[in-house]
S.K.: 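This is the structure I have questions about; it appears just below.
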Amino acid sequence: MTTSADFIALDERWSTHNYHPLPVVIAEAEGAWVTDVEGRRYLDFLSGYSALNFGHRHPALVAAAAEQLGRVTLTSRAFHHDQLGLFCRELAELTGTDMVLPMNSGAEAVESALKVARKWAYEVKGIPDGTAEIVVAGSNFHGRTTTIVSFSTDETARSHFGPFTPGFVVVKYGDAAALRDAITERTAAVLLEPVQGEAGVVVPPAGYLAEARRLCDEAGVLLIADEIQSGLARTGKLLALDHEGVRADLYTLGKALGGGIMPLSAVVGRRDVLGVLKPGEHGSTFGGNPLACAVGRAVIRLLSTGEFQERSTRLGEHLRERLTALIGQGVAEVRARGLWAGVDLTPGGLSGREASEALAAKGVLCKETHGNTLRIAPPLVISEADLDRGLDAIAEVIRR
Ligand SMILES: *Cc1c(COP(=O)(O)O)cnc(C)c1O
């Protein structure tokens, strides 16, 4: 049992087929590089959908995890432990928010924000019980739970998973007038991704997010920013909303918050909103566990220097320049923010899947999203030379 084909056959036989991975079997990883079971090396240009913003096995994160493994890993929330309060204070201070609700997966953070927003709407805003609405954007991606796919516009994500949770209104992303028209006296919150990652790194028109903030203020509605993929330095700022000078009432964070080591997510935001939760009303066995909190604290230390935000901005400019130069040569459009890009391949040329497979053969791992778009998100620790190496491979594969 040594070849990639053997391991792929095992997955095919024993694991559900809810993914269609590239035929690469990773055995080891460090920084921006991974190595497969046959010893071939690849540059990671996906970074676990931004869960690996600090690369694989960042020494400071591995050290924090190892140290905590030698102390205590899990207590449940039945007892206090010495990492939770520090993690929450440090994350609140980093993000300029009042308090933190720790969870595990991104979907759980989004679910938690939706529950909190509804409770706030009934208990604080005074909307009649059971009637609150939450406005969301088309082409959203917020996770895979039944409630979250209830307001997905991706038929593949929804089909045969109903009946669905009511209370959501979908409007076109980037259209401020549509958002204005959708807000009523029953609206509890507006939930948006500041940049839609899964949709192909879609950046909304300038002014859209500020206008969303203004409309929410005017109507006394919560603005919830899902920064699970866009946050934590991926776009060159701590939070993607910072590009617009906009503050949300609640943010959902995840992915990179766990440093690529632990699942760790959180809702962070206003005390008068998160404060509606009382003992017994919401929770998670693993949420805020000592091991995850210790890793999260090390992530916060990395982010507090600004080094990764700066790298993302600087390397991101280079990424954008080199990808934009391919427009008309196999590339139809490029959208980029920080070290994060959506590259639409020219219709009739290589499909996203074919391009990803050809890139893997050249030692660069990335993945298509929605057919003809490549999502490119190298770890923020990547060197400029390695970034160029990956971009050379991309140019070779898609230039026609
Ligand atoms: C990945 C993602 C989620 C869901 O996170 P999981 O950890 O996979 O549940 C939610 N929102 C956004 C914007 C994401 O990118």
Side-chain angles (χ1 to χ4, degrees), residues 16 18-19 21 46-53 101-117 134 136-154 156-158 161 168 170 173-174 189-204 209 212 223-235 237-241 243 248 250-269 284 286-289 292 295-296 299 335 337-342 366-370 373 375-377:
T16 55
N18 52 326
Y19 281 91
L46 181 67
S47 303
Y49 305 102
S50 290
L52 289 156
N53 279 359
L101 168 59
M103 299 295 288
N104 309 285
S105 68
E108 283 176 302
V110 173
E111 282 276 350
S112 304
L114 297 173
K115 286 176 72 179
V116 165
I134 294 178
V136 301
S139 302
N140 66 72
F141 183 83
H142 297 290
R144 300 295 199 168
T145 64
T146 312
T147 287
I148 291 172
V149 300
S150 296
F151 57 85
S152 171
T153 57
D154 175 356
T156 311
R158 281 167 56 87
F161 293 122
F168 297 95
V170 184
Y173 187 65
V190 171
L191 168 65
L192 293 173
E193 295 159 86
V195 175
Q196 289 189 323
E198 199 72 16
V201 192
V202 176
V203 181
L209 296 165
L223 178 61
I224 308 173
D226 183 347
E227 295 257 16
I228 289 168
Q229 193 166 156
S230 60
L232 309 185
R234 173 51 65 187
T235 67
K237 304 262 189 201
L238 180 71
L239 300 163
L241 267 192
H243 287 280
L250 299 176
Y251 295 90
T252 53
L253 301 174
K255 292 201 165 103
L257 188 60
I261 296 178
M262 292 293 290
L264 175 59
S265 68
V267 187
V268 302
S284 159
F286 289 95
N289 70 75
V295 173
V299 164
R335 295 168 300 275
R337 186 144 267 189
L339 197 55
W340 196 23
C366 68
K367 193 75 165 55
E368 78 281 5
T369 178
H370 294 127
T373 302
R375 173 173 24 183
I376 296 177

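First listed ligand is number 1; within each ligand, the first listed atom is number 1.
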S.K.: For F286, does the CZ atom have more than 12 heavy-atom neighbours from other residues, nucleotides or ligands under 6.0 Å away?
M.R.: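 No - once you tally the heavy atoms of other residues, nucleotides and ligands closer than 6.0 Å, there are 12 at most.
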
S.K.: Which residue, H243, E227, R337, forms the side-chain hydrogen bond (donor to acceptor under 3.5 Å, both in side chains) with T235?
M.R.: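 Output: one option passes, namely H243.
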
S.K.: Present, as a list of atom pairs with distances to 0.1 Å, all nitrogen or oxygen contacts under 3.5 Å between ligand 1 and the protein.
M.R.:
residue	atom	partner	partner atom	Å
ligand 1	7 (O)	G106	N	2.8
ligand 1	9 (O)	G106	N	3.3
ligand 1	9 (O)	A107	N	2.8
ligand 1	11 (N)	F141	O	3.4
ligand 1	11 (N)	D226	OD1	3.4
ligand 1	11 (N)	D226	OD2	2.7
ligand 1	15 (O)	Q229	NE2	2.7
ligand 1	15 (O)	K255	NZ	2.7

S.K.: Who pairs with L238 by side chain to side chain contact (heavy atoms under 4.5 Å, CB included), at least two apart in sequence or on another chain?
M.R.: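 Per chain and number, L238 pairs via side chain to side chain contact (heavy atoms under 4.5 Å, CB included) with L94, T95, L232, D242, L303, Q309.
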
S.K.: Going by the side-chain hydrogen bond (donor to acceptor under 3.5 Å, both in side chains) test, name the single residue among Q229, R234, R375 that passes it with S50.
M.R.: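 In the set Q229, R234, R375, the residue that makes a side-chain hydrogen bond (donor to acceptor under 3.5 Å, both in side chains) with S50 is R234.
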
S.K.: Kindly write out the residues that satisfy side chain to side chain donor-acceptor pair (under 3.5 Å) with S152, not counting sequence neighbours, or none if the list is empty.
M.R.: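 Expected list: none.
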
S.K.: For T145, enumerate each residue passing the side chain to side chain donor-acceptor pair (under 3.5 Å) test, keeping only those at least two apart in sequence or located in another chain.
M.R.: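 Once residues adjacent in sequence are excluded, the partners of T145 under the side chain to side chain donor-acceptor pair (under 3.5 Å) criterion are E111.
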
